[in-house]
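Here the structure comes first, spelled out in structure tokens, and everything after it is commentary.
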Amino acid sequence: MSSITHASKRHQPQTQAQTSNLPPAQPTYILRGHNAQIHSLTFLRRNSRLLTGDADGWVVLWGVASKRPVAVWRAHEGSILGIAEWSKDQIITHGRDTTLKVWQLKPSEEDTFSKVLPVDDTAHRKQPWLLHSLRVNTLNFCSFSICSAPSLIIQSLSGYERSAEQTESLNDSALIAVPGAIESNVDIFHLPSEKLLSIVKRPEYGSHADKTQIDTLMSLHLQHLQSTLLLLTAHESGTTTLHLFSASHDWTPLYISTPHTQPILSLCPHPSYSVYYTSAADDIIAVHSIPHDLAHTQTPRVLKTKHHGQQSLVVRSDGRIFATAGWDGRVRVYSTKTLKEVAVLKWHGGAVGAVGFAEILTPDDGDGNTDAEVAGEIERRKPPGAEERRERKAQETHWLGAGGKDGKVSLWEIY
Amino acid sequence: MDDFLTPVKTTPLTESTENGLSLSKETKLTTNKPITSAEDIIDVLRSQPDGQQLQDVLSYINHGGARNFLQITVPGPVSSQLINALVTIIIPDFWESLGKQKSQRLIKQDIITCLRNTSGIGAIVARLKALVLESKQKKGRGERKSVVQHISNLLEVLELVLHDGNTTYEIWKSIYFHIASPLQRTLIWKEFVSLVASGKVLTASAQAEDVLKESKEVPSVNRAWIATGSDTSKWLGRNIVLMLGSKDADDDTYQTDLSLLLRKSMTLGYLDSLVGEIICSTVLTQGKSVVALSKLVSKLLLHEQKKFIVSVLSVISGQFLKFSNSNVNEKEGETPKDISGSAALLAGLLSDNERLLEIVVTWTTSATTAGLNSSVRMLRVAFAVLSDNEDSLQQILEKNLDIFGDQLFIKHTPILQQEALAQRLLLACGYVHRKQPIALLMIARSSTHGSGMTNRIAASSPRARFLGMVVGVAISELVDKPESRMKFDFDESEKTEVEYLTDLTRIKDNIGTIEDLKMDEREPQKRSKQILTTQKANLESVKSNAKSSSKITEIKVPRVVEILDDSEDDDLVPYSKPDSDPEDDTEDATLVQRNKPIAPVYVRDLIAGLKDSENYDRHILALQTSTSLIRRKSNFGKEVIDHIHDLASTLVGLQDNFDIEKFHEMRQQAMVATLLAQPAEMGQWFAKAFFEGDYSLSQRVTLLTTMGLGARELAGYSSDDTNTPAVQSFPSKKLPERLHKIYATEISPVESISKRLQRSVMEPLALDAADRLSGPSVLKVRTFSSRMEVEKKRKKVIPNELAKIVSQSFFFPLTGRWWTHLQAYGNQSLYFSPIVLPVYLKTLAIILHASGPSTHSLPQMTSELWDLLLSIRSNADEPAILEAWLFAVLMSLEVNEDKQRLAQDHAKALLEIQGWMKLVFDRLGRGDEDERIRSLAAGVLVRCGEVIEKYQRLLLGDLLDY
């Protein structure tokens, strides 16, 4: 079983200056390797690696330049809900086996891992070093969210009674938000201490009967902004809320809106944190502006796409475009500025479950960055020349990866 | 064939975009099965493709690489094979099942594109004719139905193929482009013209429609326009005008070809519809094609020209001119728009062509036609056109004056015509006077005018006299000096009319522009304009879709937010959409169904669908289409025959997993259809399944019902059964008999049929008995008009298909196995249960009845049945069984019309039955429940008695031997 194919090289989008429309986009590569449907997909290490997770709990780390698997292991017994990169060489996976695991996978160790894809063999493999394993609620399909946070915030979050030496251990650490034990609440854990710092309750909204009911969490996002923490949640009822935490105020719901009639499937903020987007099982994409206090809330803008079931909404790091994975097997790319549908990517036969963008690298942001060190490390190990050029080119390409129900990952070069 | 294609190949049509698309299609296809020649395409079409394959192949032919080796518009062995395959295989298979979905609409569109050429239309017409013939020959119901279905499909296809107003031009263009030899071009064009314009399509489709109407199987057929002469003519008219407007219009061969089309179209017999459409459409094209049209008309033969122009005149008067004879509301010296516009149209058409002008002149002078069915306004149009032509004006005047003064004319012509003539005359006078006052003076002084006036004044009819006086005054006013003018004293009441008529001489109309006509369009033009503007409307609707706003529900202030108000420009150049990007058609997310199953078109798909008990949509679709598909296919190909056992066992074993409405009914109908597909074989199969299959009681009852219904349909009784509800309730769920009658409204088909049969037998008996009770028949008043009654009772002759096969395939398999089972299991087996046995007996009786009295094997069947019945006498304690038992006996007595043979052959059984019957009759109580059985028993007794009484001697002899 081949792991890569040059899907249709000759159909690579040719830019035609005279036409107003580009020809329909075609995938550049197809990565075949997973047995089960792809649930999560992300580019790591300055786009040199692609990590995909499927419904059987397998994760595959792909070399973006080589299009070949670099490390393959089974991270969870249940299906993967979410994956993310943390610091230099740590990978976080969230599975339905009620655990959230933090793995240490150094680039230098990559050679020691199995490269046999799950589609060829599902025997047990060597797993990377497991740093943490958190017991979390995974009854709903909501993935986790992680952000780094200064110790000040963490202190105030965990309460004032903590002593100084404990505070010390909280330095250089991360906050992880996951769905709580009560499904409409959000639990916030701290790494590396693995402590539950805070529980954010669902604010009361809706009709009287609904207020006490559980409104299952579908998607969330946690971000540290200056001296505050921002928590975005999306619920089964189609409601989305925005909570703000600062040292002076406890968690305050700033904004509540119900633009969707069906469960929200995904949310993603714009990199500038001026707005955030939600997509749902209905045919609506809503754009919510992020207020900074109660007085400045605005009604969401609504885009009726006429395509039901768009999930895994993700905004590219440069904030120009965002993409959704559709149940109709098409990835739709929209302009963030005009909300116009600028591309429809059709290759997958079944539904598409996950979509991800490669980071847009600016030439000068390499220095002093931890990511750049990683990349530099990779480069140093590789012999210079053609290989290096290939690597660099792969990193600079504006990839869009989409993982489908068929277990295949398509790579596209978009904008 | 390749050399024909060179001109197309050299045109730089293929943009890189298109190239990319077709390439991707090609790769897609090659993964399936490489198509490199036309034979491959035909192979695919013949090898029962599924929807996707079909779509691929069709788009390959139409848009893809197939152009390289196949030109479907060029007649040839390959393309005709292809077209044939489409018409005879693909359309019967697929058309029915193709719905409104986008992909399916695309398939339809592709099929139609393939057939939109001379050979395609020819193939459809030929096929239609063949099917119509076939439908007249075939007697079998099922066969007929499938034929009718095919006809209706083909008719729809034909309609769509021709539908467009641009069709003929497209066909002409494709002929012109793809065929090099002029001779061949002409031949193909002629062939096409003779198809569409000389009525071949029309007759074929009209015949087809007749067949559809006769057979009521296909419900509510809309009248197809291709089967209506006037509509076809209108369509031709539209096409001709569109062809006139094309850029090829100056080409000589093009004009010849077009004139051929026009001439043929004129022979179709709906001249006014044709010309009306041509004129209206011409007006709509801003009159650009008027010149081309006049050129075209000048190419026609003389008599055709005349017909055409006369028709144009009547169209103008009918469609463009206001219907009013008065010119009161119009300002002096100003020509109304409708007249000036019509005049412009007519002038443009005639365009100083002498011969055409001549036709108009003749029209204006002929006594009968002009001005009668058209108003003065039409005359005004004609005169406006002729106003420059002094000679003809003078000619018209002279001729009309001649007629006007003719004694015979005055005496015998209807006044209406005389009035019209007077109007013409006065108009002509006005025009001549303005051009050549001398000429009018000459005429006024001529002897013709003088004697004419004399004749008029001498006329006996006051009205004729009046007209003469008015004309005289009017002419005199024009030519004479004021003091020597003719003067008559008109009544006060006549004053206005005199004024109106004399005013006619002062009318001077100008030729306007055709634009004037568009100011007030009437109904017919609006319609054709709609056709032209649909495209625009579509565009607009697309725009409005894009701007659709959405209402959002929001906690604070609900308000509608309009999006896409893109004031800011985006530097992102959008990618084109992929080849298919359907939008969800429903608002409700829970109803979105992406994998919509399409109705099965092959029996194997049907079986798969029926077996698929997981997928609700597919399952129910298969079940719903099963009956029609089986019936349609039963005489088409070998599909049903190949799969019949599999199909039957699937149907019998079908479980109602989804609680489907009308499940039993649909299954029952499908089973009957299966039985009828191969009655000889399947009758045996169902009988075998009843006895030997591992089925539940309910399934066994269904099997019996199938045989009973099937037998009746075969025998031609089915029309009686259609109104019976085929709901099959689960037998063991029945209430006790008495309560069931009260509460259960639905009855099984077997039950209802037996009820009806029973009534038909019992009623005459009861009437007879009542008759006899009331006294000797001699004393009664007899009505002599009994002939009608006798006629009514005479049986309709229905070809009884059942009679041929009943014994071997239906009856004996059922009875024969009974005996073997009785031997094996004794009378405790489940067949003796009061649920199955009555149905079994009744089914036997129904089959016997359906096979009719003249069936060859009736004696054997009767004896078999009676043996069986007598053997189960001891089990007939249950009222239901007893009732069925009695019914069976009664039916067999009824069917055996030859009572003598009955007495001879079955004497012993007959006596035995009679004896037991008496016992039963006495034993029966007087209860409400037993009443029905008692009456049945009485019926049997009476029938037996009749036979025995009549042939007592015979029986006695038989018994003496005994």
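Labels below follow one simple rule: chain letters A, B, ... track the order of the sequence lines, proteins then strands, and each chain is numbered from 1.
Using a 4.5 Å cut-off between heavy atoms, A/Ile321 touches chain B through its side chain atoms alone.
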Stepwise side chain to side chain contact (heavy atoms under 4.5 Å, CB included) check, B/Tyr575 with A/Tyr415: CA-CA 10 Å; B/Tyr575 286 87; A/Tyr415 296 119; 3.4 Å; yes

What verdict does the side chain to side chain contact (heavy atoms under 4.5 Å, CB included) test give for A/Lys346 and B/Lys577, after you've listed the backbone C-alpha separation in whole Å, the side-chain angles of each residue and the deciding distance to 0.1 Å? CA-CA 9 Å; A/Lys346 180 193 165 225; B/Lys577 296 237 180 193; over 6 Å; no

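Listed by chain and number, the residues in a salt bridge (charged side-chain N to carboxylate O under 4.0 Å, His left out) with B/Lys611 are B/Asp646 (sequence neighbours excluded).
At most 12 non-hydrogen atoms from other residues, nucleotides or ligands lie less than 6.0 angstrom from NZ of A/Lys405.
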